[in-house]
Structures are given as structure tokens and as C-alpha cells.
Amino acid sequence: QVQLVESGGGLVQPGGSLRLSCAASGSIFSINAMGWYRQSPGKQRELVATIPSGGSTKYADSVKGRFTISRDYAKNTVYLQIDTLTPEDTAVYYCNVVATMISRPATPRDYWGQGTQVTVSS
């Protein structure tokens with residue numbers, strides 16, 4: 001199995017910043033991509049940003065210029081720097097990893113973190 005541990009959420013005022021982290025561990029053979037999604041009450045989960053192994057980053061239009069995704073390949077960790085937060089960014093943020101396990105190196109699967117709450121309010 002692959003375990004994901006997220007951290008970094010919290011309450012922040014509009015215009016503030018946060019940095020989310022997600023560390024992957026377990027019997028990992030390879031990681032194809034790491035990313036972040038978010039879900040607000042009453043809305044579907046949506047892509048925020050992804051960073052594939054060896055590929056280009058992708059961002060939702062609503063966060064371009066304010067959010068920055070990065071990876072530490074040695075630590076199997078993905079980060080999301082969130083700047084200039086607005087109340088519309090309030091959501092539960094979920095880490096997503098597409099990875100293969102040592103026992104099944106040819107079968108990539110999606111893995112999800114438990115979610116971390118980000119609340120933007122004055």
C-alpha cells in the first residue's frame with residue numbers, strides 16, 4: 001500500500017499564504033504524478049495542480065499565478081505554496097498520487113490523502 005500524510009492546512013486571512021505538504025511512503029515502485037485537488041461544500045472535487053514525473057506542471061485557471069506546486073523526488077513529497085488566498089479558496093485540499101507498487105510495477109493506481117482543511121476568513 002501507499003500511505004499519504006498531508007500537513008499545512010489551517011485558518012488564514014484573505015491575502016495570506018499557506019504551504020501544504022504531502023509525503024508518500026510504502027511499497028512504492030514508481031510515482032507517475034503527484035498533485036492536489038480540493039473540494040468545497042456542495043461542490044465536486046476539482047483539480048488544483050499536478051506535477052508529473054519528468055513533465056510539466058498543470059494548474060487550474062482559478063489558481064494560476066497564486067499557487068505553486070513542487071516536488072522533492074528524493075523524499076516522495078509534493079508541496080503546494082498558496083499565496084494571495086481568497087475566501088473562494090476555502091476547501092478541503094486532497095493530495096493525489098499516481099503510483100505503482102513493488103508488487104505490481106506495471107499497474108499504476110490513484111492514491112488519496114485524508115485531506116487538509118484550508119479556511120480563508122477575516
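We use all heavy atoms of the structure for the numbers below, so side chains are in, but hydrogens, waters and symmetry mates are not. Predicted model, so just to flag it, every value in this text is computed and none were measured. The first residue in the sequence is number 1, and the count goes up from there.
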Heavy-atom pair of closest approach, residues P108 and A106 = CD-O, 3.4 Å

task = Please assess V98 against R109 for the test side-chain contact (heavy atoms from CB on, under 4.5 Å), listing each intermediate value before the final yes or no.
result = CA-CA 5 Å; V98 180; R109 282 188 52 191; over 6 Å; no

task = Could you tell me whether the side chain of W36 reaches within less than 4.5 Å of the side chain of N96, counting heavy atoms only?
result =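 No; the side chains remain at least 4.5 Å from each other.
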
key: Closest contact, heavy atoms only, F67 versus Y59   = O-CE2, 3.2 Å

task = Look up atom OG in S53 and atom CE in M34, then write down how far apart they are to the nearest 0.5 Å.
result =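 The distance works out to 8.5 Å.
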
key: Heavy-atom side-chain proximity of Y79 to Q81 below 4.5 angstrom   =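 Contact flag for Y79/Q81 side chains = no.
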
ask   = Hey, any chance Y93 and V12 share a hydrophobic cluster, counting ILVMFWY side chains that come within less than 4.5 Å of each other, even indirectly?
value = yes

ask   = Do L80 and R38 touch side chain to side chain, with heavy atoms closer than 4.5 Å?
value = no

ask   = Under 6.0 Å from the six-membered ring centre of Y94 and within 45° of its axis: does the NZ or CZ of R45 meet both?
value = yes

key: Donor-acceptor contact below 3.5 Å, side chain R66 vs main chain T84   =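 Looks like yes, one N/O pair under 3.5 Å.
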
message = Using a 3.5 Å distance criterion without hydrogens, assess whether the side chain of T116 forms a donor-acceptor pair with backbone atoms of E6.
response =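 No, the answer is negative, given that no donor and acceptor are paired below the 3.5 Å cut-off.
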
query = Judged by atom type as modelled, is there a donor-acceptor pair below 3.5 Å linking the side chain of R71 to the main-chain atoms of I51?
reply =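 Such a contact is found between R71 side chain and I51 backbone.
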
Tell me which donor-acceptor pairs under 3.5 Å the side chains of residues 13-33 have, and how far apart each pair is, sequence neighbours excluded?
residue : atom : partner : partner atom : Å
S17     : OG   : D83     : OD1          : 2.8
S30     : OG   : T100    : OG1          : 2.8

ask   = Ring centres of Y37 and W112 under 6.0 Å apart?
value = yes

inquiry  = Ignoring hydrogens and geometry beyond distance, is a side-chain donor-acceptor pair present between E88 and T90 at under 3.5 Å?
reply    =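 No, because no side-chain N or O of E88 sits under 3.5 Å from a partner of the opposite role on T90.
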
task = Looking only at non-hydrogen atoms, find the nearest pair between V5 and Q114 and report the distance.
result = CA-OE1, 4.4 Å

ask   = Does some side-chain heavy atom of Y111 sit less than 4.5 Å from a side-chain heavy atom of Q1?
value = yes

ask   = CG/L85 to OG1/T119 distance, rounded to the nearest 0.5 angstrom?
value = 10.5 Å

inquiry  = Take a 6.0 Å sphere around CD of Q44 and say whether it holds more than 12 heavy atoms from other residues, nucleotides or ligands.
reply    =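 It does not: Q44 CD has 12 such atoms or fewer within range.
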
